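First comes the structure, then the notes that go with it.
By convention here, the first residue in the shown sequence is residue 1. All values derive from a computational prediction rather than experimental measurement.
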Amino acid sequence: MSQLNPALNIAYKAARKAGDLMLRAANNLDSLRVDHKAANDFVSDVDRQAEALIVDLISEAYPHHRISAEESGSRGSGRAEYEWIIDPLDGTTNYLHGHPQYAVSIALLHKGVLQEALVYAPERNDIYTASRGKGARLNERRIRVAARTEINRCIIGTGFPVTDHSGLDNYLAALKAFIQKAAGIRHEGAASLDLCTLATGRFDGFFEFGLKPWDIAAGALIVQEAGGIVTDPAGESGWLESGDIVAANPKILAQMLQIIGKA
């Protein structure tokens, strides 16, 4: 990956090592220890080992940076200007069922603003990257969101609420509205990859509620650098904190927000 800056190069090396671990373990999934963090929320030995690999490499390269990771939580100074947000295995349920829709997701913030992003899909050997102000790439090829302008011609990606059902009625109302308005709805089970699919133009929009920062941080920057817009359902900027996210090109985003608002 010749065009990567130093931070993304470290993320690339870490993601590759984690991905290699996942591919080896995928040959013997029945032997993995799997624990329940919550209802419909699983963690395996592979999640933990992949995270340890990633965190160790980043910590060695950037010992003064803060790191927030899905399985091990936060480490480093709370006053650090730089923070890494890591999901070692986004799509654990897919992975444990042998479904190849899963990824490593790594993002870097500076003073709370996303600066670098990398999402690696090991089964497809696809690397999505973005640096703020420098565009987004898939395997070093520039990518852009789709240019469609009418929601009835669009494929919309989404994710079902699986652990917290407190907002299920609101989500189902929005889903019903999109089923009636859009050309198609897709649920693939890994938000980071859903956002990357949007960034390539294969999806036209994406919405999901109740996510965590590590689910969306990297994918969201990739969407933004591919020409898309990312907001919360009110059209505001609090999506990383709330975990409620809507993303698309500007014209489709406006229609999506209207549909969600009415629903």
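Linking ILVMFWY residues whenever their side-chain heavy atoms come closer than 4.5 Å, directly or via other members, leaves Ile222 and Leu198 in distinct clusters. Under the 4.5 Å side-chain heavy-atom criterion for ILVMFWY residues, no single connected hydrophobic cluster contains both Leu96 and Leu193. Leu53 and Met22 fall into different hydrophobic clusters, defined by Ile, Leu, Val, Met, Phe, Trp and Tyr side-chain heavy atoms under 4.5 Å apart, directly or through other members. If you chain together hydrophobic residues whose side chains sit under 4.5 Å apart, Ile259 and Phe203 never meet in one group. There is a path of hydrophobic side-chain contacts, each under 4.5 Å, that joins Ile67 to Tyr62.
Ile127 is not listed as a side-chain neighbour of Leu138, based on a closest heavy-atom distance of 4.5 Å or more. Using a 4.5 Å cut-off on side-chain heavy atoms (C-beta onward), Tyr128 and Tyr120 make no contact. Residues Trp214 and Ile86 have side chains not in contact (no heavy-atom distance under 4.5 Å, counting atoms from C-beta outward). A 4.5 Å side-chain heavy-atom check between Arg137 and Ile143 finds every atom pair outside the cut-off. Between Phe209 and Pro233 the shortest side-chain heavy-atom distance falls below 4.5 Å. Ile58 is listed as a side-chain neighbour of Ile106, based on a closest heavy-atom distance under 4.5 Å. Side-chain contact between Ser131 and Gln115: absent, with no pair of heavy atoms (C-beta onward) separated by less than 4.5 Å.
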Inset, instruction - Please assess Asn5 against Asn9 for the test side-chain contact (heavy atoms from CB on, under 4.5 Å), listing each intermediate value before the final yes or no. - result: CA-CA 6 Å; Asn5 62 42; Asn9 191 48; over 6 Å; no
Inset, instruction - Go through the steps to decide whether Glu123 and Leu23 satisfy the test side-chain contact (heavy atoms from CB on, under 4.5 Å), and finish with yes or no. - result: CA-CA 7 Å; Glu123 293 275 357; Leu23 291 173; 4.1 Å; yes
Legend entry - His110 and Glu81: CA distance, side-chain angles, deciding distance, side chain to side chain donor-acceptor pair (under 3.5 Å) verdict: CA-CA 6 Å; His110 180 235; Glu81 291 187 355; 3.2 Å; yes
Inset, instruction - Please report the C-alpha distance between Tyr12 and Leu118 in whole Å, then the side-chain angles of each, then the deciding distance to 0.1 Å, and finally whether the side-chain contact (heavy atoms from CB on, under 4.5 Å) criterion is met. - result: CA-CA 7 Å; Tyr12 171 76; Leu118 183 143; 3.8 Å; yes
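Met256 approaches Gly205 most closely through the heavy-atom pair SD-CA, 3.8 Å. In terms of heavy atoms, Gln101 sits closest to Asn94 at O-ND2, 2.8 Å. Residues Val46 and Ala25 come closest through the heavy atom pair CG2-CB, 3.5 Å. Nearest approach of Ala218 to Ser105, heavy atoms of both residues: CB-OG, 3.3 Å. Between Leu195 and Ala220, the shortest heavy-atom distance links the atoms CD1-N, 3.7 Å. In terms of heavy-atom proximity, Val104 sits nearest to Ala18 at CG2-CB, 4.2 Å.
Classification of the Tyr102-Tyr95 ring pair by plane angle, with boundaries at 30° and 60°, yields perpendicular. Between His65 and Tyr82, the ring-plane angle classifies as parallel under the 30° and 60° cut-offs.
For Phe178 and Phe207, the distance between ring centers is under 6.0 angstrom.
Between the side chain of Glu225 and the backbone N or O of Gly135, at least one donor-acceptor pair lies under 3.5 Å. Side-chain atoms of Ser59 never come within 3.5 Å of backbone atoms of Asp56 as a donor-acceptor pair (strictly under, hydrogens ignored). Asp90 contributes a side-chain N or O that, together with a main-chain N or O of Ser192, makes up a donor-acceptor pair within less than 3.5 Å. At least one donor-acceptor pair under 3.5 Å links the side chain of Arg132 to the backbone N or O of Leu114.
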Side chains of residues 149-156: which donor-acceptor pairs under 3.5 Å do they make with residues two or more places apart or in other chains?
unit_1: Glu150; atom_1: OE1; unit_2: Arg153; atom_2: NE; d: 3.4

Just distance, no hydrogens or angles: give the donor-acceptor pairs under 3.5 Å from side chains in residues 234-252, sequence neighbours left out.
unit_1: Ser242; atom_1: OG; unit_2: Gly238; atom_2: O; d: 3.2
unit_1: Ser242; atom_1: OG; unit_2: Asp244; atom_2: N; d: 3.1
unit_1: Asp244; atom_1: OD1; unit_2: Gly210; atom_2: N; d: 2.8
unit_1: Asn249; atom_1: OD1; unit_2: Lys251; atom_2: N; d: 3.1
unit_1: Asn249; atom_1: OD1; unit_2: Ile252; atom_2: N; d: 2.9
unit_1: Asn249; atom_1: ND2; unit_2: Ala146; atom_2: O; d: 2.9
unit_1: Asn249; atom_1: ND2; unit_2: Arg148; atom_2: O; d: 2.9

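We find the CG-CD1 distance between Leu108 and Ile10 to be 11.5 Å, quoted to the nearest 0.5 Å. Annotation: the span from Arg202 atom CZ to Arg186 atom CZ amounts to 14.0 Å, rounded to 0.5 Å. Expressed to the nearest 0.5 Å, how far NE2 of His187 lies from CG of Leu175 amounts to 10.0 Å. Annotation: the span from Trp84 atom CH2 to Leu109 atom CG amounts to 10.5 Å, rounded to 0.5 Å. Put simply, CD1 on Ile185 and CD on Gln180 are 10.5 Å apart, with the number rounded to the nearest 0.5 Å. Distance NZ/Lys181 to CD/Gln258: 8.0 Å, rounded to 0.5 Å.
Under the 4.0 Å criterion applied to side-chain N and carboxylate O atoms, Asp215 and Lys212 are not assigned as salt-bridge partners.
Not counting sequence neighbours, Thr197 has no partner by the side chain to side chain donor-acceptor pair (under 3.5 Å) test.
For the 3.5 Å distance criterion, the side chains of Arg16 and Asn125 qualify, holding a donor opposite an acceptor.
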